[in-house]
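For reference, positions follow the sequence shown, starting with 1.
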Amino acid sequence: MNLPELLRARPILQAPMAGGTSTPALVHAVSGAGGLGWLAAGYLSAQALSEQIDAVRELGTEVFGVNVFVPSGSPAPAPAVEAYRAELAEDARRREVEVGPATYDDDAWEAKLDLLLSAAVPVVSFTFGCPSAEVLERLRGAGTATVVTATTVEEARTAVARGADGVCVQGVEAGGHRATFDPAHGDDQPLLQLLPEVVRAVEVPVIAAGGLMTGADIAAARAAGAGAVQLGTAFLRCSESGAQAAHKAALADPAFTETALTWAFTGRPARGLSNRFMGEHRNAPGAYPEVHHMTKPLRTAAARAADPEGMALWAGTGFRQAGELPAADLVAQLRAEATEAGARF
């Protein structure tokens, strides 16, 4: 797949949102409207990911992407993890569940790579790090374009040096996980500050992500040098989104007034609507994916009870502008607004 041609034809991307939000129906709707839809491989087994890829293709969509989490380096120190387990005990008691096991895993990395190599997906992106040059070359040999998500100029340069076909620049405004290679030493720059720096530093297509909600936002990112734009929060309330009903409702609930970065839910920094759980666990350790597995039963119970105060309500800073409409209509609206604001497609 020729990435520059793909992005010229489809400059509006729906961000891959792990945990069930990026459904095959959402991907199909976005790509069918002339955007580029993305499946999120994070937290799925290779078999489940294969089924989602098949589902997208059975809907008649051939042009789409898949995002994969790059494994963390090593298990977190046990004392910090166990201390957090003790801290979570009261939440677990309140929910009548047990704190989950502090499991370390690589999110089925090798199995997913093997699947993507055989499935010949048009484009694959990576979050939480940059794969080896050998992995990127193998995907290219299968006809797949590759994109690495970066939060600094150095991360972008590393991605290009290893052979990535493109870079997705994520500003600090983005909802969900920060994509930084090293969460302990991340650089949280606003998108429109970081974007032109990366555009000057690399000679591959650059996709802008982070806080983009409207056509005017898209036009500003394009003016700053982005070859394409990626929006996640804007699609959360769409009918095809798999986000929990309580999550969708919270985006429009006046009780939720701001977002913040938190480590409380997964042990990696991520942006969501500020709620009780985040406030009570401000000192959560950097322990991914152990913390993710530990809090999963608590998050599941909160979602079952439709209690947003205990859920991970991932959202970017512009969350209040998320509309409740079909994804295809949103793509058309964004394109029209961006054109009116001066963006060239």
Checking Arg335 against Ile12 for the side chain to side chain contact (heavy atoms under 4.5 Å, CB included) test, could you report, in this order, the C-alpha distance in whole Å, the side-chain angles of both residues, the deciding distance, and whether it holds? CA-CA 8 Å; Arg335 186 182 290 272; Ile12 297 177; 4.2 Å; yes
Does the pair Gln52 and Val66 meet the rule for a side chain to side chain contact (heavy atoms under 4.5 Å, CB included), with working shown? CA-CA 10 Å; Gln52 290 207 359; Val66 174; over 6 Å; no
Check step by step if side chain to side chain contact (heavy atoms under 4.5 Å, CB included) holds for Val123 and Leu36. CA-CA 10 Å; Val123 57; Leu36 183 62; 4.3 Å; yes
As a quick check of understanding, evaluate salt bridge (Lys or Arg N to Asp or Glu O under 4.0 Å) for Arg138 and Asp114, giving each step before the final call. CA-CA 10 Å; Arg138 286 169 63 199; Asp114 289 344; 3.8 Å; yes
Under the side chain to side chain contact (heavy atoms under 4.5 Å, CB included) criterion, do Arg268 and Arg178 qualify, and how do the steps go? CA-CA 8 Å; Arg268 253 188 173 270; Arg178 299 289 293 137; 5.8 Å; no
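When all heavy atoms of Cys168 and Gln230 are compared, the pair lying nearest together is SG-NE2, 3.8 Å. Scanning all heavy atoms of the two residues, the minimum distance from Phe277 to Gly310 falls at CB-CA, 4.2 Å. Here the closest heavy-atom approach between residue Ala80 and residue Pro285 is recorded as O-CG, 3.9 Å. In plain terms, the two heavy atoms of Thr23 and Ser241 that are nearest each other are CG2-C, 4.4 Å. Between Val204 and Gly166, the shortest heavy-atom contact is CG2-CA, 3.9 Å.
At most 12 non-hydrogen atoms from other residues, nucleotides or ligands lie less than 6.0 angstrom from CD of Glu98. Heavy-atom neighbours of Glu62 CD from other residues, nucleotides or ligands within 6.0 Å: above the threshold of 12. The number of heavy atoms from other shown groups lying within 6.0 Å of NZ (Lys248) is above 12. Atom CD of Glu203 has 12 or fewer heavy atoms from other residues, nucleotides or ligands within 6.0 Å.
In this structure a side-chain-to-backbone donor-acceptor pair under 3.5 Å is missing from Asn67 to Trp38. Here the side chain of Ser50 pairs no donor or acceptor atom with the backbone of Ala46 at under 3.5 angstrom.
Tracing side-chain contacts under 4.5 Å through hydrophobic residues (I, L, V, M, F, W, Y), one reaches Leu298 starting from Trp314; they form part of the same cluster. In the hydrophobic clustering of this structure, Val135 does not group with Val160; members are Ile, Leu, Val, Met, Phe, Trp, Tyr whose side-chain heavy atoms approach within less than 4.5 Å, directly or through other members. There is no path of hydrophobic side-chain contacts, each under 4.5 Å, that joins Val198 to Val147. Hydrophobic clustering (side-chain heavy atoms under 4.5 Å, transitive across Ile, Leu, Val, Met, Phe, Trp, Tyr) keeps Val172 apart from Leu192. Placement of Leu139 and Val70 within a single hydrophobic cluster is found when ILVMFWY residues are connected by side-chain heavy-atom separations under 4.5 Å, directly or transitively.
For the pair Arg94 and Asp91, the salt-bridge criterion is met [side-chain N within less than 4.0 Å of a carboxylate O].
Rounded to the nearest 0.5 angstrom, Thr262 OG1 and Leu313 CG are separated by 11.0 Å. The CZ atom of Phe64 sits 12.0 Å away from the CD atom of Gln14 when rounded to the nearest 0.5 Å. Taking CD of Glu324 as the start and CG of Leu251 as the end, the distance is 10.0 Å to the nearest 0.5 Å. Thr144 OG1 to Leu136 CG: the interatomic distance, rounded to the nearest 0.5 Å, is 11.0 Å. Interatomic distance, CG of Leu273 versus CD of Glu309, reported as 10.0 Å (0.5 Å rounding). To the nearest 0.5 Å, atom CG of residue Asp253 and atom CZ of residue Arg320 are 7.0 Å apart.
Aromatic ring orientation, Tyr43 versus Phe69: perpendicular (interplanar angle above 60°, classes split at 30° and 60°).
The shortest side-chain heavy-atom distance between Ser31 and Arg10 falls under the 4.5 Å cut-off. Between Val81 and Arg85, every side-chain heavy-atom pair lies at or beyond the 4.5 Å cut-off.
Of the candidates His293, His292, His281, Tyr84 forms a ring pair (Phe, Tyr, Trp, His ring centres under 6.0 Å) with just one, namely His281.
The cationic atom of Arg299 (NZ for Lys, CZ for Arg) does not lie both less than 6.0 Å from the six-membered ring centre of Phe265 and within 45° of the ring axis.
Qualifying side chain to side chain donor-acceptor pair (under 3.5 Å) partners for His247, counting only residues two or more places apart in sequence or in other chains: none.
Taking the six-membered ring for Trp and the full ring otherwise, Phe319 and Phe256 have centroids separated by 6.0 Å or more.
In this structure, a donor-acceptor pair under 3.5 Å is present between the side chains of Thr180 and Glu155. Neither side chain, His177 nor Thr127, offers a donor N or O lying under 3.5 Å from an acceptor on the other.
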